[in-house]
Each structure stands twice: as C-alpha cells, then as structure tokens.
Protein chains: 2
Amino acid sequence: MKRTAFFISDGTGITAESLGQSLLSQFENIEFTKRLRPYVDTIEKAHDMVQQINTAAEQDGVRPIIFDTVVNSDIRKVLATSNGYIVDIFSTFLAPLEMELGDGSSYSVGKSHSIQHNAHYKDRIDAVHFAMDNDDGARTLHYSEADVILVGVSRCGKTPTCLYMALKYGIRAANYPLTEEDMERLQLPPALREHKEKLFGLTIDAERLASIRHERRPNSRYASFAQCEFEVREVENLFRRENISNINSTHFSVEEISAKILVHKGIERRLK
Amino acid sequence: MKRTAFFISDGTGITAESLGQSLLSQFENIEFTKRLRPYVDTIEKAHDMVQQINTAAEQDGVRPIIFDTVVNSDIRKVLATSNGYIVDIFSTFLAPLEMELGDGSSYSVGKSHSIQHNAHYKDRIDAVHFAMDNDDGARTLHYSEADVILVGVSRCGKTPTCLYMALKYGIRAANYPLTEEDMERLQLPPALREHKEKLFGLTIDAERLASIRHERRPNSRYASFAQCEFEVREVENLFRRENISNINSTHFSVEEISAKILVHKGIERRLK
C-alpha cells in the first residue's frame with residue numbers, strides 16, 4: 001500500500017517532519033512517499049500546496065496525510081480545503097498548554113529554530129568549528145576545551161557523530177583515530193591519557209568497517225577484513241584495559257550514538 | 001515566572017524535544033529550564049524521572065511540563081504518577097492515525113531516528129564526508145557530484161550550513177570562499193563558473209562578520225570593519241552581476257538557511 005505524507009510548515013518544517021516521521025515509522029506496512037514543504041507562508045503558496053495534495057490524492061487513490069505546524073490561521077484555512085487528512089500538531093496542544101501555563105500563545109511563526117531566540121546559537125556554531133579543527137587527531141592542543149573526545153579506529157563514525165553533537169547541542173567534541181601505531185604500543189597516546197575522563201570509545205563490526213573502508217580505498221590493506229578485524233580487536237582490548245566507556249556504532253545512527261554518549265557522560269545538553 | 005520542562009523519551013528524545021521546543025517558544029513570557037532525558041527505557045529509570053520531576057515541582061512551586069514520546073505503556077504508567085503536566089505526544093495522534101490508515105501501530109520504540117529503517121542513512125554519512133572533503137574550497141574536483149555549492153566571504157556561515165544539510169538531509173554540499181583575489185578579478189573563479197547552476201550565495205552584515213572574525217584573529221586586517229565591508233560589498237555585487245540567488249545569514253540559523261536554500265534550489269530533500 002502506498003500513501004503520500006506532507007510535512008508542511010510556515011517555518012523550517014523541522015518539527016512537522018520530526019513528529020511526522022516518528023508517527024509514520026510506527027506503521028511498518030505502509031510505504032509512504034514523503035514531501036517536506038517548508039516556508040508555506042503566503043496564501044498563494046497555500047493554494048499551490050492544496051493542488052499538490054489533491055494531485056497526490058488522485059495518484060494514490062487515497063488522501064495524503066498532512067502533518068502541519070502552520071501558525072497563520074488564514075493559511076491553515078486554505079490547507080483545510082485540500083483533500084488531505086490533517087494532523088494539526090500545534091493547535092492540538094497549544095490550547096491545553098495555554099490553560100496550564102495561564103498565558104496566551106504568541107502564535108508567532110518559526111520561533112523554535114530561529115537565531116534570535118536562541119541564546120546558545122553561537123555556542124553551536126563555535127562547536128562546529130571546534131569539531132572541524134579538532135577532527136581526526138589533527139590537533140590535540142585544545143583538548144582541555146573539549147566536552148568529549150571520541151576515540152576509535154579510522155572510519156568507525158567518529159567525525160559525523162562529533163559534528164552532529166556540535167550542530168544539535170553545541171557540544172565541543174574532538175576525535176582521535178587510534179592508529180596501528182597506537183595499538184602496537186598497547187596504550188593510550190599521551191595526549192589522550194591526560195584527558196582520560198573525557199574519552200568515549202566507538203567501536204564497529206569488522207565486516208561493516210571493511211565495507212566502509214573499501215569504498216574509500218578499494219582493495220587496500222587498510223580495507224581488508226583481516227586488518228579491520230585486527231584493529232577492532234586491539235581497540236576493544238584497549239577500551240577494556242583502560243576502562244573507557246564505549247559503544248558499537250554498527251547498528252546505531254549518529255542521533256542514537258550522540259544521545260547515548262551524552263547520557264553516559266552526564267553532559268547536560270545545551271538546549272536552546 | 002520560571003518553570004521546568006522535561007523532554008522524555010525511550011529513544012533519542014529528538015521528537016519530544018523538537019515539538020516541545022516549538023510549543024514552548026510560543027510562550028514568551030515564561031522562562032523555561034529545559035531538561036532532555038533520552039533513553040528512559042526501564043521502570044527503574046522511570047522512577048528516577050518521577051523523582052526529578054517532583055523535585056523540580058517543589059523547587060519551582062509549580063508542576064513541570066512533560067513532553068513525552070515514550071512508547072512502552074509500563075514506563076508511561078510510572079511517569080503518570082509524577083507531579084507533572086504531561087503532554088502525551090504519541091498517543092494523542094496514534095489512535096486517530098490508526099483509524100485513518102486502517103492499520104495498527106507497531107508501538108515500537110525509537111524507529112524514527114534509528115539506522116535500520118533508514119534507507120538513506122548511508123547517504124547522510126557519505127554527504128558529511130563529502131562536505132568535509134569539499135569544505136572551504138579545498139577541492140573543486142568533485143563539484144560535479146555536489147547538489148549545491150555555497151559561496152561567500154570567509155566566516156559567513158558556509159561550513160555549518162553545508163554540514164547541517166549533509167547530516168539532516170543527505171545533501172551533498174560543497175563550499176567555496178570568495179577571497180579578495182576573486183573579488184579583484186570581479187568574476188567567478190573558473191571552477192565555480194562551470195557549475196553555476198549549483199551555486200548559492202551567502203552574505204552577512206559587515207558588522208557581524210567583523211565580530212566573528214575578530215574572535216578568530218583579533219585586531220587583524222582580516223577582522224577589520226573596513227575589510228569586512230569591502231568584501232561583503234564586492235561579493236554582493238558579484239551575486240547581483242552573476243545572478244546568483246543568495247540570502248543574508250545574519251538573522252537566520254543554519255536550520256533556516258538550509259530550508260531556504262532547498263526551497264530555492266528545488267532540491268527534493270532526501271527524507272528517510
């Protein structure tokens with residue numbers, strides 16, 4: 001069964017998409033065609049959306065699901081004329097929240113992901129540059145400023161995880177690749193030893209690692225299963241010996257790994 | 001007025017946080033202390049949460065707001081015993097969606113941000129590495145593989161925007177800094193000219209740029225207002241002359257800039 005879902009917002013659409021995806025992921029038997037439509041912020045764009053929704057309804061033979069966080073009531077009225085099933089995210093919760101908070105909503109658009117109302121926005125951008133500058137063991141000089149230092153073999157997911165933690169939460173995350181050289185010494189490099197309380201290990205299944213490395217350097221020793229297996233085993237031994245908390249990234253997304261690291265490390269996320 | 005808000009999930013908490021933040025941002029008169037609590041996935045952790053909620057209630061003198069996407073009903077029952085006002089995100093929408101979709105929810109935890117059900121996960125990770133490898137004009141060789149190439153002066157927000165587009169949407173975004181040299185030639189460098197249809201410009205207020213650069217290289221010519229003003233003016237002239245779509249990043253977050261770029265460029269986001 002096929003069905004179209006629209007995530008519609010007069011802002012970035014991030015909230016409509018996040019909630020919509022979560023809800024749809026609960027329905028595993030249905031294949032959804034997903035359409036993100038941010039900045040539907042004029043009557044004209046709303047009419048265009050109605051057309052897109054009705055076209056999808058005709059093509060699918062069933063009405064699309066609309067996850068909508070539009071604040072403007074005139075635009076909402078236009079969307080309501082479409083042949084879609086509307087999941088009205090904001091108004092469902094705003095009225096009861098107004099009661100509970102004893103305060104009126106400002107009904108203003110796109111607050112949540114905007115720069116003005118986000119005291120920590122600069123922290124996030126600084127954290128991104130910190131992650132870039134301290135990627136892949138490039139510099140170890142600034143580890144004292146790091147919130148966390150990810151360690152693991154090359155291509156186990158350190159870089160995307162650091163960047164995600166920086167962008168989403170303003171966490172200053174460095175990462176250091178444990179190379180064969182470090183492994184043969186069977187101990188942590190001095191730069192890491194000094195900041196042991198900040199270390200967090202990533203590991204990965206050797207087979208998956210070999211396939212990732214193979215794309216980067218096909219048929220190299222670096223990408224061979226034997227080499228990957230050796231490195232992963234040695235690094236996991238090191239984590240055990242040095243008592244470094246770690247998780248296996250093979251079956252987790254950067255979102256999941258990041259959330260697990262912050263729970264583990266007890267870092268109170270820098271929420272906007 | 002102060003009030004505590006908890007975003008509680010048995011998964012990453014991303015959905016609870018995203019929707020919770022959006023809703024709370026509508027209440028401008030209330031100062032919220034925000035607590036993200038992912039992976040509340042055992043009865044024991046639920047009891048610990050109840051304690052945290054009740055402590056906050058005592059300290060604030062008013063009950064906290066709980067945004068909860070917990071799927072497991074036993075854990076939800078424990079949370080319901082707390083002295084919090086619960087905004088029950090999932091169950092509010094799941095039952096009506098089950099009716100509409102004619103299919104039962106799988107009531108499974110953490111689907112939406114997991115790796116298994118995300119066909120495009122690999123695209124996202126590849127896109128992150130693409131953004132890293134093609135950052136700051138480092139390489140222009142692979143621009144044919146780019147979905148978009150951001151251009152602008154140094155430190156106008158190109159890098160964080162590229163990384164965000166990669167991580168969130170799997171968009172392959174390169175970026176190229178327009179340096180004084182390019183400006184004096186008053187034309188696009190050849191590497192960019194070839195891919196003109198992929199270019200998108202970022203600009204920024206000179207004052208803001210000077211302050212950002214000042215943090216990086218205090219009291220340098222690079223950070224001087226005069227230099228920043230000159231570069232911004234020249235680049236804006238270039239955008240105009242070459243008819244390159246662009247936005248001023250000064251008042252927008254990376255989330256907003258990214259959403260605007262994708263609408264502008266008509267890139268259908270690679271949604272999971």
Side-chain angles (χ1 to χ4, degrees), chain A residues 3 12-15 17-19 21-23 25-30 34 36 38-39 65 69 85 87 89-90 92-94 97 100-101 103 105-108 110-118 121 125 128-129 132 135 159-160 163-164 167 251-256 259-260 263 269 271-272, chain B residues 3 12-15 17-19 21-23 25-30 34 36 38-39 65 69 85 87 89-90 92-94 97 100-101 103 105-108 110-118 121 125 128-129 132 135 159-160 163-164 167 251-256 259-260 263 269 271-272:
Chain A
R3 199 135 178 183
T12 60
I14 290 172
T15 301
E17 187 214 328
S18 177
L19 180 58
Q21 296 259 37
S22 288
L23 289 167
S25 71
Q26 296 291 323
F27 299 91
E28 297 179 305
N29 299 322
I30 304 171
K34 297 168 185 171
L36 179 56
Y39 296 114
I65 311 293
T69 56
Y85 173 80
V87 178
I89 298 174
F90 267 14
T92 301
F93 292 124
L94 270 185
L97 265 177
E100 172 65 19
L101 294 169
D103 196 44
S105 158
S106 59
Y107 293 99
S108 43
K111 280 283 172 51
S112 155
H113 297 100
S114 76
I115 200 168
Q116 288 96 333
H117 289 262
N118 185 345
Y121 186 73
I125 299 304
V128 169
H129 288 292
M132 294 284 287
D135 183 48
T159 297
L163 291 169
Y164 184 84
L167 268 169
H251 302 295
F252 297 120
S253 66
V254 290
E255 286 85 349
E256 293 172 308
K260 282 169 196 285
V263 170
R269 300 171 186 213
L271 290 185
K272 302 165 261 186
Chain B
R3 199 136 179 184
T12 60
I14 291 171
T15 302
E17 187 214 330
S18 178
L19 179 59
Q21 297 259 38
S22 288
L23 289 166
S25 70
Q26 297 291 324
F27 299 91
E28 297 180 306
N29 300 321
I30 304 171
K34 296 168 184 171
L36 180 56
Y39 295 114
I65 311 293
T69 55
Y85 172 80
V87 178
I89 298 174
F90 267 15
T92 303
F93 292 123
L94 270 185
L97 265 177
E100 173 66 18
L101 294 170
D103 196 46
S105 158
S106 61
Y107 291 98
S108 43
K111 281 281 171 56
S112 154
H113 297 100
S114 75
I115 199 169
Q116 287 95 333
H117 290 261
N118 185 344
Y121 185 74
I125 299 304
V128 169
H129 288 292
M132 294 284 287
D135 183 47
T159 296
L163 291 169
Y164 184 83
L167 268 168
H251 304 294
F252 296 120
S253 66
V254 290
E255 285 85 348
E256 292 171 308
K260 283 169 195 289
V263 170
R269 301 176 185 208
L271 291 183
K272 302 164 261 187

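So that the names make sense, note that chain A is the first sequence line, chain B the second, and so on, each numbered from 1.
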Practice task
Rounded to the nearest 0.5 Å, what's the gap from CD1 on B:I30 to CG on A:L101? Could you check?
Solution key: 4.0 Å

Exercise for the section: With a 4.5 Å cut-off on heavy-atom pairs, point out which of A:N29, A:L97, A:V128 contacts chain B the most. Expected result: A:L97

Problem - Non-neighbouring partners of A:T159 that pass side-chain hydrogen bond (donor to acceptor under 3.5 Å, both in side chains), sequence neighbours left out - result: A:D135

Problem - Trace of the ring-ring contact (aromatic ring centres under 6.0 Å, His included) decision for B:F93 with A:F93 - result: CA-CA 11 Å; B:F93 292 123; A:F93 292 124; 5.4 Å; yes

Completion exercise
From the list A:E100, A:M132, A:H129, A:R3, the residue making the most non-hydrogen contacts under 4.5 Å with chain B is A:E100

Handout entry: With A:Y85 via ring pair (Phe, Tyr, Trp, His ring centres under 6.0 Å) - residues at least two apart
Key = none

Problem - 4.5 Å side-chain heavy-atom contact, A:I125 and B:V254 - result: yes

Practice task
Name the member of B:L23, B:V87, B:T92 that forms the most heavy-atom pairs with chain A at distances under 4.5 Å.
Solution key: B:L23

Exercise for the section: Please report the closest heavy-atom contact between A:F90 and B:S22, naming both atoms and the distance. Expected result: CZ-CB, 3.7 Å

Handout entry: Heavy-atom side-chain proximity of B:L19 to A:S18 below 4.5 angstrom
Key = no

Problem - Note, B:F27 side chain near A:L94 side chain (heavy atom, < 4.5 Å) - result: yes

Problem - Region of B:I89 that comes under 4.5 Å of a non-hydrogen atom in chain A - result: both

Fill in the blank from the handout: CG of B:L167 to CD of A:E255, rounded to nearest 0.5 Å, is 7.5 Å

Handout entry: A:L163 side chain reached by B:Y164 side chain, heavy atoms, under 4.5 Å
Key = no

Exercise for the section: Counting only heavy atoms closer than 4.5 Å, note whether A:T69 contacts chain B via side chain, backbone, both or neither. Expected result: neither

Practice task
Indicate yes or no: at least one non-hydrogen side-chain atom of B:V263 is less than 4.5 angstrom from one of A:P38.
Solution key: yes

Problem - Closest heavy-atom pair and its distance - A:A259, B:Y39 - result: CB-CE1, 3.4 Å

